[in-house]
Structures are given as C-alpha cells and as structure tokens.
Undergrad: 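Dropping the structure in here first, questions after.
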Amino acid sequence: MVFISSPYSVTVEEMKSKFIAIAFPISSVDEFKEELKKISKEHHKARHIVYAYRLDNTYKSTDDGEPKGTAGRPLLELLLKKDVNNIALIVVRYFGGTKLGAGKLLRTYLSSGVEVLKKAGI
C-alpha cells in the first residue's frame, strides 16, 4: 500500500476550463471534511468541486453536479488501482464556457488525478 506525506497540487487547462487537482494525506473522515470546507471556501467561485478519498477500507466519491460517473468515480478507481491509502483527491473545476462532453470530461478529470499523483511520486 502506498501513502503520501504532504499535499500536492497541479493545474490542467482544457478548452478554457481550469482543473486544479489537489492530493493530500488524511487520517480521518472528519479531517477530510474540514479540508474540503477550506478548499470550498477558497474556491467559492468554482463550478464543481469533485472528490474521492480512501481511508483504510472506507472510501467515497462525488461528481458534484458533473454527469454521473464522469468525475468522482474515475478518481476513486485511480486511488484503488494505484493502491494509495489515507489520501484525498479533490479536483476543482472552473468552467470556461465550453462543454467538454462526457468522454472528454472523464478523461480530463482522470488525467488531472494522474498528474497530481505523479507529482506526489506515485
């Protein structure tokens, strides 16, 4: 099992939308919720704040208004595939005015997650 010890972030731009991927270690669901509140407050103008987390055998994801299965679930599957634990992965999306379509949206969220995990050394 793989862990990270500090937060990492990357920004990906796709068709004028900006995706900010943030990965950080967590030790409890309450800790995750507190960090999510901070990020939501910091990015209050963002259109979507998508997330996935894995804490031992507990995990959760959300698409936060994106089409079902295009955002949170792929991020969660990425965490499970890479066998990363005690981690949260949040992607903040600032909508750029152009709809990406479900396939492009899924690929962009997933590539944002992959890039931040690469930056974290995973």
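Heavy atoms only: backbone and side chains are in, while hydrogens, waters and symmetry mates are out. Here, residue 1 is the first one in the sequence, and each next residue gets the next number.
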Undergrad: Show, in sequence, the C-alpha distance, side-chain angles and deciding distance for Glu66 and Thr70, and conclude whether the side chain to side chain donor-acceptor pair (under 3.5 Å) test is met.
TA: CA-CA 7 Å; Glu66 293 285 24; Thr70 61; 5.2 Å; no
Undergrad: Is there a donor-acceptor pair under 3.5 Å between the side chain of Arg54 and the backbone N or O of Val84?
TA: yes
Undergrad: Assess whether salt bridge (Lys or Arg N to Asp or Glu O under 4.0 Å) is satisfied between Glu14 and Arg107, documenting all intermediate values.
TA: CA-CA 10 Å; Glu14 186 64 49; Arg107 287 188 300 276; over 6 Å; no
Undergrad: Give a yes or no on whether the backbone of Gly96 and the side-chain of Ser17 come within a donor-acceptor separation of less than 3.5 Å.
TA: yes
Undergrad: Say you draw a straight line from CG of Asn86 to OG of Ser5; how long is it, rounded to the nearest 0.5 Å?
TA: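 Between atom CG of Asn86 and atom OG of Ser5 there are 12.0 Å.
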Undergrad: So Phe19 and Leu105, side chain to side chain contact (heavy atoms under 4.5 Å, CB included) or not? Walk me through it.
TA: CA-CA 10 Å; Phe19 296 79; Leu105 194 60; 4.3 Å; yes
Undergrad: Before you tell me yes or no, could you show the steps for Asp56 and Asn85 under side chain to side chain contact (heavy atoms under 4.5 Å, CB included), namely the whole-Å CA-CA distance, both residues' side-chain angles and the distance that decides it to 0.1 Å?
TA: CA-CA 6 Å; Asp56 299 320; Asn85 202 5; 3.6 Å; yes
Undergrad: Take Lys82 and Ile87 through the side chain to side chain contact (heavy atoms under 4.5 Å, CB included) test and state the conclusion after the steps.
TA: CA-CA 11 Å; Lys82 297 286 187 179; Ile87 188 172; over 6 Å; no
Undergrad: Look at the side chain of His44 and the backbone N and O of Lys41, then say whether any donor-acceptor pair between them is shorter than 3.5 Å.
TA: yes
Undergrad: For Glu77 and Arg73, what are the C-alpha separation, side-chain angles and deciding distance, and is it a salt bridge (Lys or Arg N to Asp or Glu O under 4.0 Å)?
TA: CA-CA 6 Å; Glu77 289 173 5; Arg73 185 67 190 179; 3.2 Å; yes
Undergrad: Any chance CZ of Phe3 has more than 12 other-residue heavy atoms, nucleotides or ligands included, within less than 6.0 Å?
TA: yes
Undergrad: May I ask you to decide if the ring planes of Phe24 and Phe32 are parallel, tilted or perpendicular, using 30° and 60° as cut-offs?
TA: parallel
